[in-house]
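What follows is one structure encoded as structure tokens, with my remarks underneath.
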Amino acid sequence: MIKILKYGEVENKDIFSRAVPKINVESIVTEIIDNVKRNGDSALFTYCEKFDKAKLTSLEVSEQEIEEAFESVPTEFIEILKKAANNIRKFHEKQVRNSFIINDEDGIVVGQKVIPVDRAGLYVPGGTAAYPSTVLMDSIPAKIAGVKEVVITTPPSQKGKINPVILAAAKIAGVDKIFKVGGAQAIAALAFGTETIPKVDKIVGPGNAFVAEAKKQVFGNVSIDMIAGPSEILVVSDGKTDPKFTAADLLSQAEHDKMASAVLVTDSMEFAIAVQQEIENQLPMLERQEIARESIDNNGKIIVADTLGMAIEIANEIAPEHLELCVDNPFDYLDKIRHAGSVFMGRYCPESLGDYYAGPNHTLPTSGTAKFSSPLSVDDFVKKTQYTYYTENALKKVADDVAYFAKKEGLTAHAKSATIRFE
């Protein structure tokens, strides 16, 4: 049963503690990465047989496989995928940055170019569930950014197939290539390249502890979006929401993963008790009951604060991945939210709406990193190059200033390079 904690009556460490994965995968992942770097495709085929129980003859998904998958997916779901893709595209198109130029002084031009990365690699989890939503959320911003080639890696089934809904989403999003490989070995392949899988400039997408560790280890050789921890939801409620709604929203994250975190912060003890009971009522009806039960019992909590203002301050300190503001007039409180990955406003805006359909990205900072990180966006797929142009006369006017500055740092060669042109 989810625990109820009264803020101020228990230690702060109980209020703000987080689930921490106990598995240590560093050495295993290092070995996998080294093997892929040395042996390329051969290592990938071996790991695919070992971990996915699939004996492959080709790593790349063929056009025929994509078309067959697309035809096999119900038309109703294809239409829903297209609607979701349109919403995601509409939102992310607003994020596009423009290059700029400043030339308001004679003989001086400075500016910045915004340039997409050449190739992006998207990791799409497989295993216990298929995530076409991740395909849309990660590939559409890359395409909007202007990335020339967007590739996906995702683990195959034992029959060597990729879930048709993944392939359908990839087709709708305009993904260029799809490869049948998962786990740390997929991250290694994207980071260093193999005979079949091209080296990318940026790797994005969620995954298990092995994927997260692999992204951590290859960072520097390639860019990554973030090191994702267990999924989180925090609901702030004034107690006027139907407890059934809140319980369902908390369970929507709990069913993700045994390490997932579901938290309610409220100013009403009566509401807290009602939600606690409603969670128990709904849990037995879930298909992923065992996963949700462990998440709720081990990582779930209901925090009761004295006031709604205090509840929001608690939420800011936790800095959750998903934050639901289930209050009257939620826009009155939006400016008070400083740290959250994505905010869902009002009593009829469940976090699941953002997972699939609304448009804002669902690849979000976890584990408190919302204090300094942002959701995945078009910005993740571009880089900036700045440039400077001075004429002879423009440099002559400032050469002595530059030289003086350089000498203050003890760098006389820097100073000389500015003045030698006029000696």
Side-chain angles (χ1 to χ4, degrees), residues 1-7 9-10 14-19 128-129 133 229-308 310-312 314-315 318-330 333 337 340-358 362 364 366:
M1 181 176 287
I2 195 168
K3 49 189 174 286
I4 297 177
L5 307 173
K6 182 71 172 72
Y7 186 68
E9 294 181 5
V10 298
D14 295 325
I15 297 292
F16 299 115
S17 63
R18 268 189 160 88
T128 57
S133 57
S231 190
E232 307 165 337
I233 186 172
L234 187 148
V235 179
V236 171
S237 179
D238 53 15
K240 299 176 187 176
T241 308
D242 189 325
K244 292 179 182 178
F245 298 176
T246 303
D249 292 354
L250 294 172
L251 289 170
S252 74
Q253 284 303 294
E255 73 172 353
H256 258 302
D257 187 319
K258 292 179 180 180
M259 296 299 295
S261 170
V263 177
L264 165 65
V265 190
T266 179
D267 58 353
S268 167
M269 179 62 79
E270 182 182 359
F271 182 67
I273 294 169
V275 171
Q276 182 187 53
Q277 184 55 56
E278 188 57 38
I279 288 172
E280 293 303 307
N281 293 344
Q282 292 185 27
L283 256 170
M285 297 183 283
L286 300 179
E287 289 185 14
R288 294 165 68 91
Q289 177 188 168
E290 182 184 349
I291 292 171
R293 166 59 72 189
E294 190 164 334
S295 167
I296 287 292
D297 288 353
N298 295 337
N299 309 317
K301 63 186 77 169
I302 299 175
I303 302 165
V304 181
D306 289 337
T307 66
L308 191 59
M310 187 180 293
I312 288 174
I314 292 169
I318 292 173
E321 178 186 18
H322 307 95
L323 172 61
E324 288 189 8
L325 264 181
C326 296
V327 296
D328 290 335
N329 306 313
Y333 297 91
I337 301 299
S342 194
V343 183
F344 301 84
M345 313 279 287
R347 306 188 204 281
Y348 290 87
C349 190
E351 178 271 321
S352 55
L353 186 66
D355 267 354
Y356 304 116
Y357 200 81
H362 81 186
L364 303 168
T366 62

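Both backbone and side-chain heavy atoms feed into the values below; hydrogens, waters and symmetry mates do not. We count residues from 1, following the sequence as given.
Closest non-hydrogen pair, V235 versus C326, comes out as CG1-SG, 3.9 Å. P284 and N281 make their closest contact through CD-O, 3.5 Å (heavy atoms, listed as atom of the first residue, atom of the second, distance). The two residues A254 and A260 come nearest to each other via the heavy atoms CA-CB, 4.3 Å. The minimum heavy-atom distance linking I318 with R18 is given by the pair O-NH2, 2.6 Å. Residues N298 and K3 share a closest heavy-atom pair of O-NZ, 3.8 Å. In terms of heavy-atom proximity, S133 sits nearest to Y356 at CB-CD2, 3.7 Å.
Note that CD of Q282 and CG of L250 are 9.5 Å apart. Values are rounded to the nearest 0.5 Å. Here the straight-line distance linking atom CG of L264 with atom CG of L5 works out to 11.0 Å at 0.5 Å rounding. Going from atom OG1 of T266 over to atom CD1 of I303 covers 11.0 Å, rounded to the nearest 0.5 Å. Expressed to the nearest 0.5 Å, how far CG of L283 lies from CG of L251 amounts to 5.0 Å. Between the CG atom in L323 and the CD1 atom in I337 there is a gap of 5.0 Å [rounded to 0.5 Å]. Atom CD1 of I15 and atom CD of E9 lie 10.0 Å apart (nearest 0.5 Å).
Under the 3.5 Å distance criterion, the side-chain polar atoms of H362 are matched with a main-chain donor or acceptor of D355. Between the side chain of E351 and the backbone N or O of E324 there is no donor-acceptor pair closer than 3.5 Å. Of the possible polar contacts, none joining the S261 side chain to the E232 backbone as a donor-acceptor pair under 3.5 Å is found.
Applying the 6.0 Å contact sphere to OH of Y357 captures more than 12 heavy atoms from other residues, nucleotides or ligands. Atom NZ of K244 is surrounded by 12 or fewer heavy atoms from other residues, nucleotides or ligands within 6.0 Å.
Proximity of F271 to T241: side-chain heavy atoms (C-beta onward) are separated by under 4.5 Å at one or more points. Under the 4.5 Å side-chain criterion, counting only non-hydrogen atoms from C-beta, S231 is in contact with E321. Taking the side chain as every heavy atom from C-beta outward, R288 and H256 never approach each other to under 4.5 Å. Between Y333 and V236 the shortest side-chain heavy-atom distance does not fall below 4.5 Å. Looking only at side-chain heavy atoms (C-beta outward), E287 and E255 stay at 4.5 Å or farther from each other. Taking the side chain as every heavy atom from C-beta outward, I2 and E280 never approach each other to under 4.5 Å. The shortest side-chain heavy-atom distance between K301 and S17 falls under the 4.5 Å cut-off. Inter-residue side-chain proximity for E278 and D242 is flagged as unmet; no heavy-atom pair is nearer than 4.5 Å.
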Please walk me through it: do D238 and R347 pass side chain to side chain contact (heavy atoms under 4.5 Å, CB included)?
CA-CA 11 Å; D238 53 15; R347 306 188 204 281; 3.1 Å; yes

In sequence, state the C-alpha distance, the side-chain angles, and the governing distance for D267 and T307, and then conclude on side chain to side chain contact (heavy atoms under 4.5 Å, CB included).
CA-CA 5 Å; D267 58 353; T307 66; 5.5 Å; no

| field | Verdict with supporting geometry, S295 and Q253, side chain to side chain contact (heavy atoms under 4.5 Å, CB included) | value | CA-CA 9 Å; S295 167; Q253 284 303 294; over 6 Å; no

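Salt bridge absent: K6 and D14 never bring a charged side-chain N and a carboxylate O closer than 4.0 Å. Under the 4.0 Å criterion applied to side-chain N and carboxylate O atoms, D297 and K258 are not assigned as salt-bridge partners.
Classified by interplanar angle (parallel below 30°, tilted 30° to 60°, perpendicular above 60°), the ring pair Y348/F245 is perpendicular.
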